[in-house]
Amino acid sequence: MDSFNSPTTKPLYRGTQIVWYILGLIEVLLVFRFVLKLLGANAGAGFTQFIYSTTYIFSAPFLNVFRVTSVEGSVFEWTTLLAMLVYWIVAMGIIKMFVMGKTVSTPEAAVKLNHEEEA
């Protein structure tokens, strides 16, 4: 049985889609945070408050990693960029785990092992 006929292929595919969707959502919110901080957005505005409060949980583990660089109200938040990188790496790891669970036929596995030996 190969991945075309395996009953596990579709759930694995859906799992990867869900991971990509969640990562995309988090990354977009963090980009909004980064740009709003960089442009010195009014922290009292509703949209800015929404973005800052929503993304705080994702950026909080990284807040003290780097010093904050600020010039006249604009903040270059390195920690947001670090958070985006770390979440992307975590998502890639989860996707790789899903792909490792994919069913492969013996000939397909042999071809892939041969390619790994050559590399």
Side-chain angles (χ1 to χ4, degrees):
M1 181 176 286
D2 60 11
S3 61
F4 288 103
N5 302 328
S6 174
T8 62
T9 300
K10 191 172 180 180
L12 290 174
Y13 175 69
R14 290 288 181 221
T16 60
Q17 283 185 314
I18 291 169
V19 170
W20 283 125
Y21 179 77
I22 292 171
L23 175 69
L25 189 64
I26 291 171
E27 296 277 328
V28 166
L29 289 171
L30 288 173
V31 165
F32 273 119
R33 178 187 178 92
F34 180 78
V35 171
L36 289 172
K37 292 265 184 179
L38 185 65
L39 298 177
N42 178 7
F47 180 71
T48 308
Q49 284 180 345
F50 169 74
I51 293 296
Y52 289 172
S53 64
T54 304
T55 57
Y56 180 76
I57 192 167
F58 300 114
S59 62
F62 309 98
L63 285 180
N64 293 323
V65 174
F66 299 113
R67 290 180 27 201
V68 175
T69 306
S70 62
V71 176
E72 297 183 17
S74 296
V75 176
F76 193 93
E77 207 173 53
W78 291 101
T79 54
T80 301
L81 297 177
L82 176 64
M84 292 172 68
L85 176 67
V86 168
Y87 290 127
W88 180 77
I89 291 170
V90 168
M92 290 297 294
I94 293 170
I95 297 292
K96 287 287 186 186
M97 285 185 358
F98 281 147
V99 171
M100 286 188 324
K102 183 179 91 172
T103 302
V104 293
S105 65
T106 302
E108 188 180 7
V111 168
K112 288 185 179 187
L113 278 177
N114 286 339
H115 285 297
E116 288 183 13
E117 280 182 3
E118 294 171 2

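Since the structure is predicted, the reported quantities are computational estimates derived from the model, not experimental observations. Residue indices begin at 1 and follow the sequence shown.
For S74, there are no side-chain contact (heavy atoms from CB on, under 4.5 Å) partners at least two apart in sequence or on another chain.
F66 and V86 end up in the same hydrophobic cluster when Ile, Leu, Val, Met, Phe, Trp and Tyr side chains are linked at under 4.5 Å. In the hydrophobic clustering of this structure, F47 does not group with F34; members are Ile, Leu, Val, Met, Phe, Trp, Tyr whose side-chain heavy atoms approach within less than 4.5 Å, directly or through other members. Both I89 and I26 are members of a single hydrophobic cluster when ILVMFWY side chains are connected at heavy-atom separations under 4.5 Å. Criterion: ILVMFWY side-chain heavy atoms under 4.5 Å apart, direct or through other members. Under it, L23 and V31 are part of a common hydrophobic cluster. No single ILVMFWY cluster, assembled from side-chain heavy atoms under 4.5 Å apart, contains both M92 and V28.
S59 and T80 share no side-chain donor-acceptor pair at under 3.5 Å. Of the N and O atoms on the side chains of Y13 and Q17, at least one donor lies less than 3.5 Å from an acceptor on the other residue.
E27 contributes atom CD, which lies 12.0 Å from atom OG1 of T55 (distance to the nearest 0.5 angstrom). Rounded to the nearest 0.5 Å, atoms CD1 (I94) and CD1 (I18) are 11.5 Å apart. Summarising the geometry, atom NZ belonging to K37 is positioned 8.0 Å from atom OG1 belonging to T79; distances are rounded to the nearest 0.5 Å. With values rounded to the nearest 0.5 angstrom, T8 atom OG1 is found 10.0 Å from K102 atom NZ. If you take CG on L85 and CG on L30, they are separated by 11.5 Å, rounding to the nearest 0.5 Å. If you take NZ on K96 and OG1 on T16, they are separated by 12.0 Å, rounding to the nearest 0.5 Å.
In this structure, F32 places its CZ atom where only 12 or fewer heavy-atom neighbours from other residues, nucleotides or ligands lie under 6.0 Å away. More than 12 heavy atoms of other shown residues, nucleotides or ligands fall within 6.0 angstrom of atom CG in N114.
Nearest heavy-atom pair, Y52 versus R33, reported as atom, atom and distance to 0.1 Å: O-NH1, 3.4 Å. Contact between A109 and V104 at its shortest, heavy atoms only, is CB-CG2, 4.1 Å. Smallest separation of non-hydrogen atoms from Y87 and F58: OH-O, 2.7 Å. Considering every non-hydrogen atom in both T54 and I57, the closest pair reads O-CG2, 3.6 Å. Shown here for G44 and Q49, the closest heavy-atom pair between the two residues is O-NE2, 3.7 Å.
Side-chain contact between I51 and L29 is present, with at least one heavy-atom pair separated by less than 4.5 Å. Side-chain contact between K112 and E117 is absent, with no heavy-atom pair separated by less than 4.5 Å. Side-chain contact between W20 and I95 is present, with at least one heavy-atom pair separated by less than 4.5 Å. Residues F62 and V65 have side chains in contact (heavy-atom distance under 4.5 Å, counting atoms from C-beta outward). Side chains of F76 and L81 form a contact here, defined as non-hydrogen atoms less than 4.5 Å apart. By the 4.5 Å heavy-atom criterion applied to side chains, W78 and V68 are not counted as neighbours.
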- Candidate pair M84 and L82, rule side-chain contact (heavy atoms from CB on, under 4.5 Å), full reasoning: CA-CA 5 Å; M84 292 172 68; L82 176 64; over 6 Å; no

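Side chain of T48 to backbone of A41: no donor-acceptor contact under 3.5 angstrom is found.
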